[in-house]
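A short write-up of the structure that comes next.
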There are 2 protein chains.
Amino acid sequence: MAYRKTPAEISRLDAARERLIACATEVVADVGWAQASVAAVADAAGIAAGSVYQHFSSKAELAVEVFRRAAGREVEVLGEVLAGEGDPVERLGRGVEVFARRALENRGLAYALLAAPAEPAVGAERLEFRRRYRALFAEVVREGVAAGQLPPQNAEITAAALTGAVGEVLVDPLGHPGEAAPQAAASQAPPQALLADLVAAALRCAGAPTD
Amino acid sequence: MAYRKTPAEISRLDAARERLIACATEVVADVGWAQASVAAVADAAGIAAGSVYQHFSSKAELAVEVFRRAAGREVEVLGEVLAGEGDPVERLGRGVEVFARRALENRGLAYALLAAPAEPAVGAERLEFRRRYRALFAEVVREGVAAGQLPPQNAEITAAALTGAVGEVLVDPLGHPGEAAPQAAASQAPPQALLADLVAAALRCAGAPTD
DNA sequence: GAAAGAAGTGAACCATCATTCAGACCTTCC
DNA sequence: GGAAGGTCTGAATGATGGTTCACTTCTTTC
């Protein structure tokens, strides 16, 4: 027994792992899941392909982690906005707007999270996260109905519709699959009109009176 | 010059091609794109793997043809309903209902068309067809607005939202990816409530007054 | 029936990656 | 310093699955 990982060593390894995840996320945002080979990701992180397996037992595991981190942030942000200040309808509108704005500000990643072809493990994760978005939306809708702000409705269905509507509206502006994404994708300001129209459609979908 | 395809021969080849497409469609509906290997498809059609290349120059070409045929039928049906009898709001409601009912009656195929992981060529085709759905919806929405039945709105955005909403609501009931679909999938009656709720959400989304 | 030319076959081929592994190189601890 | 046990490397390995091709079988035409 002449070796025990020292705290410094542990945090070094941890940092390496984090760095790998970060680089993988970037690669995925740039070129999509399909093109994000282990070699490419390792390369981006400046390590050998084999070293990836020091941190993850398979490519799928890494991919899932990348997805979870990124999607998790969005769920968190959306959750905070939806549970924030204001009446349910205001919150719903703000939630949709924030979600869409964030997606448009980071198109490559958003496309990867929402729609880009991916291996089955990531697909399953995507489904799971869509369920979470739906649950968040459903809660606000229920509150709106309870408060009499929204007409009676099946909140789950409305929530699913909202999730799908937001995703669909975003996917087209987000760029098409297969095509190499322009690398500096985080540039253009989100088109104000698109956001406004999307929010309006979302509010109508929940039955909020048209302004 | 001692051979020219006779009409009978030509139609035999044509029938073989059609049969191949039909069998491939079935395989895809059953097991999804990912599992629909050339070998599996050829097997289902009762021909050798190599013979597939008598009809299609690549697997992707066959896959695209399968997608186009199936998705084309849906576009056609939706188009007819949306352009049919009645005022715009009635037609929109009926269109959504018919679309959803058809999807639920043929879940495997619907899932493959709407959401199942697929090769890039099919993904591109999917995008194209979503654009067509959107165009169809947009037209009715515009008519509704023009007729004063619907509030002023960005019809394209609403249409995209409708497309996404319908897709999203359907995808969950349609069964999860990766899982082997039960083969006799065209059985259960479409849940009436789901359809009604979906139609209601869609109409709200376009701004039709809640009943 | 025989020549010419397809269509059909399926085993071999090949490209693509994820994954492994033997060896090189580091860290820890005595 | 050196033994023990890591981490890192990158070429070799292996699985998968689309595609090819030498060969067989069927059709047409004379």
Side-chain angles (χ1 to χ4, degrees), chain A residues 1-21 23-24 27-28 31-67 117-123 178, chain B residues 1-21 23-24 27-28 31-67 117-123 178:
Chain A
M1 32 39 173
Y3 186 92
R4 270 210 338 161
K5 282 174 192 161
T6 191
E9 187 68 359
I10 289 178
S11 79
R12 189 184 63 81
L13 287 175
D14 223 55
R17 187 187 145 100
E18 290 304 312
R19 178 176 161 64
L20 178 54
I21 295 171
C23 290
V27 171
V28 167
V31 302
W33 299 101
Q35 313 269 15
S37 64
V38 170
V41 167
D43 212 58
I47 62 178
S51 301
V52 168
Y53 293 83
Q54 218 85 47
H55 304 287
F56 297 93
S57 70
S58 71
K59 184 196 176 175
E61 199 179 292
L62 167 58
V64 164
E65 185 67 22
V66 165
F67 187 94
E119 52 220 293
V122 170
Chain B
M1 35 29 177
Y3 186 92
R4 267 202 350 152
K5 282 175 192 161
T6 191
E9 186 67 0
I10 288 177
S11 80
R12 187 185 64 80
L13 287 176
D14 223 56
R17 187 188 145 99
E18 291 304 312
R19 178 177 161 64
L20 177 55
I21 295 171
C23 290
V27 171
V28 167
V31 303
W33 300 101
Q35 313 269 13
S37 65
V38 171
V41 167
D43 212 59
I47 63 178
S51 300
V52 168
Y53 293 83
Q54 217 85 46
H55 303 287
F56 297 93
S57 72
S58 73
K59 186 197 176 176
E61 198 180 294
L62 168 57
V64 165
E65 185 67 21
V66 165
F67 187 95
E119 53 220 294
V122 170

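So you know, we letter chains A, B, ... as the sequences are listed, proteins then strands, and number each from 1. Hydrogens, waters and symmetry mates play no part in the numbers below; they use all other heavy atoms, side chains included.
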Completion exercise
Going 5' to 3' through nucleotides 21-27 of chain C and flagging B where a protein heavy-atom sits under 4.0 Å of the base, S where only the sugar-phosphate is that close, and - otherwise, we get ------B

Problem - B:I10 CD1 to D:dT27 P, straight-line distance once rounded to whole Å - result: 15 Å

Handout entry: Any A:K5 side-chain N or O less than 4.0 Å from OP1/OP2 of D:dG5
Key = no

Practice task
For the side chain of A:R4, starting at C-beta, report the closest nucleotide among C:dC29, D:dT9, C:dG8.
Solution key: C:dC29

Exercise for the section: Heavy atoms only: give me the nearest B:A36-B:V31 pair and the separation to one decimal. Expected result: N-CG2, 4.2 Å

Practice task
To the nearest Å, give me how far apart CD1 (A:I47) and C1' (D:dT7) are.
Solution key: 11 Å

Problem - Heavy-atom side-chain proximity of B:V38 to B:F56 below 4.5 angstrom - result: no

Handout entry: Euclidean distance, B:R17 CZ relative to B:L20 CG, rounded to 0.5 Å
Key = 8.5 Å

Handout entry: Whole angstrom value for the distance that separates C1' of C:dT16 from CD of B:E119
Key = 15 Å

Practice task
Using atom CG of A:D43 as one end and atom C1' of D:dC8 as the other, report the distance to the nearest whole Å.
Solution key: 15 Å

Practice task
Send over the distance from A:L62 CG to C:dC17 P, rounded to a whole Å.
Solution key: 16 Å

Handout entry: Overall bend - the helix from C:dG1-D:dC30 to C:dC30-D:dG1, comparing terminal axes fitted on five pairs, nearest 10 degrees
Key = 0°

Exercise for the section: Would you indicate whether the side-chain heavy atoms of B:K5 and B:L13 approach each other to under 4.5 Å? Expected result: yes

Exercise for the section: First locate atom CD of A:E18, then atom NE2 of A:H55, and finally report the distance between them rounded to the nearest 0.5 Å. Expected result: 10.0 Å

Practice task
Give the rounded distance in Å between these two atoms: CD of B:E61 and C1' of D:dT19.
Solution key: 14 Å

Handout entry: Under-4.0 Å side-chain N/O to phosphate OP1/OP2 contact, B:S51 with C:dA7
Key = no

Could you list all N or O pairs between the protein and nucleotides 16-18 of chain D that sit under 3.5 Å apart?
| residue | atom | partner | partner atom | Å |
| --- | --- | --- | --- | --- |
| D:dG18 | OP1 | B:K59 | NZ | 2.6 |
| D:dG18 | OP2 | B:V38 | N | 2.9 |

